[in-house]
Amino acid sequence: MLYPIENRVREVKNLNGIWNFKIDRNNEGIEKKWFEQPLKDTVPMAVPASFNDLFTNAEDREHVGYVWYEREFVIPKSWDDKRIVLRFGSATHHAYVYVDGVQVTFHKGGFLPFEVELTDIVEKSVEANHRLTVALSNILDWTCIPCGEVISKEGEQYPKGYHYQETYFDFYNYSGLHRPVKLYTTPKKYIKDIVIKTQVEGLQSEFDNRILMTLNDYQEIEKELTPSAKSANIYVSVESDDDVMEISVLDENGNTVALISDRDIEKQEGFYRATLTVDNPHLWSPGKAYLYSVKVGGNEDCYTEQFGIRDIKVTDKQFIINGIPFYFRGFGRHEDSDIHGKGLDEALNIRDFNLLKWIGANSFRTSHYPYSEEHMMLADREGMVVIDEVPAVGMCFWDGNKVFAGDRVNDDTLNHHLDMLESMYQRDKNHPCVVMWSVANEAATHEDGAVPYFEKVTSKMRELDDTRPITIVHTSGVDGDKVSQWVDVVCINRYYGWYTDHGHTEVIGLQIKNEMIKWHEKYNKPIILSEYGADTIAGYHKLPAVAFTEEFQCEYLSEFNKVFDQLDFMIGEHVWAYCDFQTKQGLNRVDGNKKGVFTRNRQPKAAAFMLKDRWSAR
Ligand code: GCB
């Protein structure tokens, strides 16, 4: 799916701003056809934003079910001959969309974009002004990802109608129109999609296969080797109902470095293919981004898509980017901030990337859902390596109850999961920052029912993309896990000394080392510790350290880090978490999860300086 861009034949109109908003307290609006008339008794609401933290009362903040958004938009006369599309960056989680009282689309899945063509609808209307209404539900159940269920309780202990949204994941169920809403135009015959794959020839940064044990070893080769290659083949495949006349590759300065025109383009029923070659390409490398563009010129339409040239290989002990073994240092993160919730905040994103660079991080995982397109574009530009995760989270019970036995995760969940993989791939396929797909976080992969489920999930991901490795992020133990035969890299979340043997940092080294060795013996694949961390209250100090102090977080993380430096198959450390974030209320959550190395307001705790010291190249 292409991102809306502006050029001489395409226009974009932003529908962000203040919309009318109404909470559907009895979840009756759809039945009563609220969409047919302008909404009554509305309050102002910001888009993009989560609606939750903008309210001052619990009833509105915690509303379970539908909320309604409404605004007007105008189609300028100059758009008369254009194809007009309405596009949502995301709507969390399920949305019915109406224009002038008529349903134009429905979308399920809160973290990926969707769009609908409006040309016919607006053409039929004599008015320039149109009413856009969105009925948005934040209910999570077992037919969707993330999974959840609405719990109702009755009896004399509970007020009438008592219910709440239960989730089995650790972030607040922020809801709303979280990402930009846009109208855009294309010519009537238009370019539908562009897939760009690259193949690097003659890598010259091949390293000498010495054993890489410590983070320092990786930093040495990072300094020694400059990624370079003799040439690169760029395979471009375009889906279009406009005739494609020219496909070219532009460098960062806009110079054409390869071009194929009409008669050399392979054509087959709406699909156009070309292979272009770039000599001595600038490679897209971690921390050293270089972005080329493919420009597709049609008879009527034109689209320019950025991409990077880079090579990825995975061995039994290494993750190799452009011939150079790569060590993931960084975080699991969240799109989360005060007031905005999960709403896109471009200023916050810039601060985040500046902090990631300051601390010496080279990568992050989009735990636990694909982040905004604007976020991914920044990662491309900043050379930040990304593990892109589908919103498959909340598929595990900690009390021994089964999730994959049939009555919870079911065929609908699976189908939705497969749809979301496809939609994530379609959105992010051309981003060089994405080096690996994560198809789930902490699912109960020790259950028998998880086996057929993840066989389908992993093969779908491979069918979609034959260029990137895949992973599943585990909570299951090494003996129980039943699915890692299908992944390329084993990612494990571990909290030794926190959720087990709480406060005892002296057990961490032994426990993590023993376990990592067993995982590697079992699967012979490289391992990333994709989460480890301790809740830490900023400004809370104690000597000797106790849990929740800044000193404890430093000691805790260091115990893990020491072990990573002793195992040559460990290829990364992603601390949980980048910064503090909001969760549902819970006995072990004091206004959210405090495992951040930065506060929710993006200021450093002591561990940030400790990690900066470890991660920064010398
Ligand atoms: C995990 C989850 C993450 C939680 C974290 C924690 O394993 O993947 O979503 O926030 O643990 O802090 O408990």
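Sequential numbering from 1 along the given sequence is applied to the chain's residues. Model, not experiment: these values are computed from the prediction. Just so you know, ligand 1 is whichever comes first in the structure, and atom 1 is the first atom listed for that ligand.
With sequence neighbours excluded, the residues satisfying salt bridge (Lys or Arg N to Asp or Glu O under 4.0 Å) with Asp466 are Lys197.
The distance from ligand 1 to the heavy atoms of Asn593 drops below 4.0 Å at these ligand atoms: 6 (C), 10 (O), 12 (O). Listed by atom number, the atoms of ligand 1 under 4.0 Å from Asn441 heavy atoms are 8 (O). Residue Tyr499 has at least one heavy-atom neighbour below 4.0 Å for each of these atoms of ligand 1: 6 (C), 12 (O), 13 (O). Applying the 4.0 Å criterion to heavy atoms of Lys595 picks out, from ligand 1, the atoms 6 (C), 12 (O), 13 (O).
Contacts with ligand 1 closer than 4.0 Å are made by no heavy atom of Phe171, backbone or side chain. At a heavy-atom distance under 4.0 Å, no atom of Phe169 approaches ligand 1. Only the side chain of Arg589 comes within contact range of ligand 1, with a heavy atom under 4.0 Å; no backbone atom does. Neither the backbone nor the side chain of Val393 has any atom closer than 4.0 Å to an atom of ligand 1 (non-hydrogen atoms only).
Between His417 and Tyr453, the ring planes are tilted. Angles from 30° to 60° get that label. Using the six-membered ring where Trp is involved, Tyr556 and Phe560 have ring planes that are tilted, between 30° and 60° apart. Using a 30° and 60° split on the angle between ring planes, His334 and Phe581 fall in the tilted class, from 30° to 60°.
Ligand 1 has at least one atom lying under 4.0 Å from a heavy atom of Asn493. For the ligand labelled ligand 1, residue Arg365 lies outside the 4.0 Å heavy-atom shell. The shortest separation from a heavy atom of Phe581 to ligand 1 is under 4.0 Å, placing the residue in contact.
Classification of Glu374 and Arg179 as a salt-bridged pair fails, no side-chain N sitting under 4.0 Å from a carboxylate O. Look at Glu335 and Lys342 and you find no salt bridge, because none of the NZ, NE, NH1 or NH2 atoms lies under 4.0 Å from a carboxylate O.
Looking from atom 7 (O) of ligand 1 to the surrounding protein, the closest heavy atom is Glu442 OE2, 2.3 Å.
Both cation-pi conditions hold for Arg61 and Tyr172: the charged atom is under 6.0 angstrom from the six-membered ring centre and inside a 45 degree cone around its axis.
For the salt bridge (charged side-chain N to carboxylate O under 4.0 Å, His left out) test with Asp352, the passing option among Arg333, Arg600, Lys357 is Arg333; the others fail.
Heavy-atom neighbours of Lys522 NZ from other residues, nucleotides or ligands within 6.0 Å: above the threshold of 12.
Taking any N or O of His334, backbone or side chain, none lies under 3.5 Å from an N or O belonging to ligand 1.
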